[in-house]
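What follows is a set of notes on a single structure, which appears directly below.
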Amino acid sequence: MSKIAEVKAKVEAGKSKLVPGLVQEALDAGAAPSEILQAMVDSMGVVGDKFSSGEIFVPEMLIAAKAMSKGVEVLKPLMAGDGSTSLGTCVIGTVAGDLHDIGKNLVSMMIESAGFDMVDLGVDVPADNFVKAVNDNDQVVLVACSGLLTTTMPALKEAVQTIKTACPDVKVIVGGAPVTPEYASEVGADGYAPDAGSAAVKAKELVTV
Ligand code: B1M
């Protein structure tokens, strides 16, 4: 089994203690950080499918997510930008009622690497807290809202509308598996991205045009 295949298998199995070492071994064997990251994202897809089919339950999903987060910690320094320029501050969070943070953390990492200073509000963030963070921090030019559940799409809409009403000069970007470009524009977001890499590209585009 290749090192990357081992990383993928151990993330799926939720082996938090083994994953960081295996990620390092995959790097030492010459694998690109993006390749290892994609393998771990694929693992979460497998975990989600197993959950949907009733093969595993919430605790197994949770330990797989923890294992992936441990692996991402090893990759983070290799994917972050050099911090030499700043495009301004980006406030990021997962919307109210939603506890999923892996995708949000990857998006945060990539937007940071594009040249933003990040203020991460975590998960389950009420709409007003995004506004408070815009007002409490210097040079906030962008707010990034993540949502992973179809049931929290109304919270995403409320977040975007609350932010745009209170802070009309700040751009808002949204994303997450159930979010579509149509939904993003319907709720009044300035931008949408399907994944972390394109979120960084879109973020830069939104504040530099
Ligand atoms: Co949950 N969960 N979960 N879960 N979970 C999903 C999302 C689900 C699809 C699983 C399934 O049924 N197949 C399903 C949602 C169904 C739906 O609404 N359509 C689901 C469910 C139902 C639930 C619960 C309701 C289960 C229950 O309790 N019965 C519950 C809800 C809790 C809550 O939030 N209130 C729940 C709980 C959990 C855990 C806590 C156990 C755990 C999360 C732990 C954590 O995040 N720290 C968990 C996990 C791990 C998953 C799956 C397996 C993996 C999610 C993940 O991290 N994916 C997930 C199944 C799946 O995704 N296939 C599932 C990897 C990550 C890199 O992808 O987050 O999509 P993703 O992020 C991508 C893009 O979406 C995008 O870029 C990212 C990277 O490229 N993106 C953005 C994300 N945010 C963006 C923002 C942007 C732009 C792009 O701009 C701002």
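Atoms within each ligand, like the ligands themselves, are counted from 1 in listed order. Numbering of residues begins at 1 and proceeds along the displayed sequence.
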| Of all the atoms in ligand 1, which lie at a distance below 4.0 Å from a heavy atom belonging to Gly176? | 75 (O), 81 (N), 82 (C), 83 (C), 84 (N), 85 (C), 89 (C)
| query | Looking at Leu106, which atoms of ligand 1 are within less than 4.0 Å of one of its heavy atoms? | reply | 67 (C)
| query | Do the side chain of Tyr192 and the main chain of Glu182 share a donor and acceptor less than 3.5 angstrom apart? | reply | no
| ligand 1 to Ser146 polar contact by distance, N or O atoms, under 3.5 Å | yes
| request: Tell me which part of Cys145 gets within contact of ligand 1: side chain, backbone, both or neither, using heavy atoms under 4.0 Å. | output: backbone
| note | One finds that the ligand 1 atoms under 4.0 Å from a non-hydrogen atom of Gly48 are 11 (C), 13 (N), 53 (C), 60 (C)
| request: Before signing off on this row, confirm whether Thr150 and ligand 1 have an N or O atom pair separated by under 3.5 Å. | output: yes
| field | Option nearest atom 11 (C) of ligand 1 (shortest heavy-atom distance, choices Gly45, Ser52, Gly97, Ser43) | value | Ser52
| said: Applying a strict under-4.5 Å side-chain criterion to I, L, V, M, F, W and Y, I'd like to know whether Val141 and Leu206 cluster together. | reply: yes
| query | Taking non-hydrogen atoms only, is Val174 closer than 4.0 angstrom to ligand 1 via side chain, backbone, both or neither? | reply | backbone
| In one Ile/Leu/Val/Met/Phe/Trp/Tyr side-chain cluster, 4.5 Å: Val174, Val119 | yes
| task | Using a 4.0 Å heavy-atom threshold (strictly under), name the region of Leu149 that reaches ligand 1: side chain, backbone, both or neither. | result | both
| request: Distance to 0.1 Å, residue and atom name: give those for the protein heavy atom nearest to atom 46 (O) of ligand 1. | output: Asp101 N, 2.8 Å
| query | When you look at Val19 and Lys66, which way does the side chain to side chain contact (heavy atoms under 4.5 Å, CB included) test go after all the steps? | reply | CA-CA 10 Å; Val19 169; Lys66 279 191 181 150; over 6 Å; no
| task | Determine, using the 4.5 Å side-chain heavy-atom cutoff (strictly less than), whether Val172 and Tyr183 are members of one ILVMFWY cluster. | result | yes
| message | Is a donor from one side chain sitting under 3.5 angstrom from an acceptor on the other, for Ser86 and Asp117? | response | yes
| query | Under a 4.5 Å side-chain heavy-atom rule over Ile, Leu, Val, Met, Phe, Trp and Tyr, are Leu148 and Met153 clustered together? | reply | no
| said: Does the protein place a non-hydrogen atom closer than 4.0 angstrom to atom 62 (O) of ligand 1? | reply: no
| Of the listed options (Ala193, Ala144, Ala199), which comes nearest to atom 89 (C) of ligand 1 when hydrogens are ignored and any heavy atom counts? | Ala193
| task | May I ask you to decide whether Glu73 forms a salt bridge with Lys76, counting only side-chain N to carboxylate O separations under 4.0 Å? | result | no
| query | Under 3.5 Å, is there a donor-acceptor pair between the Asp195 and Ser198 side chains? | reply | yes
| Hey, is atom 8 (C) of ligand 1 under 4.0 Å from any protein heavy atom? | no
| Between Glu12 and Lys8, does at least one N-O distance fall below 4.0 Å, as a salt bridge requires? | yes
| said: Can you check atom 65 (C) of ligand 1: any protein non-hydrogen atom closer than 4.0 Å? | reply: yes
| request: Provide, to 0.1 Å, the distance between atom 28 (O) of ligand 1 and the closest protein heavy atom, together with that atom's residue and name. | output: Val58 CG2, 3.6 Å
| field | Asn135 atom CG, over 12 foreign heavy atoms within 6.0 Å | value | yes
| query | Are any of the protein's heavy atoms under 4.0 angstrom from atom 16 (C) of ligand 1, yes or no? | reply | no
| remark: For atom 57 (O) of ligand 1, the closest protein heavy atom turns out to be Ile102 CB, 3.3 Å
| Close side-chain approach of Ile111 to Met118, heavy-atom, < 4.5 Å | yes
| Lys164 side chain vs Val170 backbone, donor-acceptor pair below 3.5 Å | yes
| query | So Val207 and Phe116, side chain to side chain contact (heavy atoms under 4.5 Å, CB included) or not? Walk me through it. | reply | CA-CA 10 Å; Val207 304; Phe116 290 82; 3.6 Å; yes
| Smallest separation among heavy atoms of Val72 and Met40, with atom names | N-CE, 3.9 Å
| Of the listed options (Lys66, Met44, Met61, Met68), which comes nearest to atom 58 (N) of ligand 1 when hydrogens are ignored and any heavy atom counts? | Met44
| query | Which atom names give the shortest non-hydrogen contact between Cys145 and Val95, and what distance separates them? | reply | CB-CG1, 4.1 Å
| said: For the backbone of Thr94 and the side chain of Asp98, can you confirm whether one donor and one acceptor N or O come within less than 3.5 Å of each other? | reply: no
| In the protein, which heavy atom is nearest to atom 26 (C) of ligand 1, and how far is it? | Phe51 CZ, 3.7 Å
| message | If you scan the protein for heavy atoms around atom 91 (C) of ligand 1, do you find one that is closer than 4.0 Å? | response | yes
| field | For atom 34 (O) of ligand 1, the protein heavy atom that lies nearest, with its residue and separation | value | Leu99 N, 2.7 Å
| task | May I ask whether Pro178 places a heavy atom under 4.0 Å from ligand 1? | result | no
| With a cut-off of 4.0 Å, which atoms of ligand 1 are near a heavy atom of Asp98? | 34 (O)
| field | Pick from His100, Met110, Met153, Gln38: the one approaching atom 4 (N) of ligand 1 most closely through a non-hydrogen atom | value | His100
| What is the nearest protein non-hydrogen atom to atom 85 (C) of ligand 1, stated with its residue, atom name and distance? | Gly175 C, 3.3 Å
| task | Report the nearest protein non-hydrogen atom to atom 70 (O) of ligand 1: residue, atom name, distance rounded to 0.1 Å. | result | Leu148 CD1, 3.5 Å
| Atoms of ligand 1, numbered as shown, that sit under 4.0 Å from any heavy atom of Leu62 | 40 (C), 41 (C)
| query | Under 4.0 Å from any heavy atom of Asp195, which atoms of ligand 1 are there? | reply | 76 (C), 77 (O), 80 (O)
| said: Measuring from atom 76 (C) of ligand 1, which candidate in Pro194, Ala196, Gly103 has the nearest non-hydrogen atom? | reply: Pro194
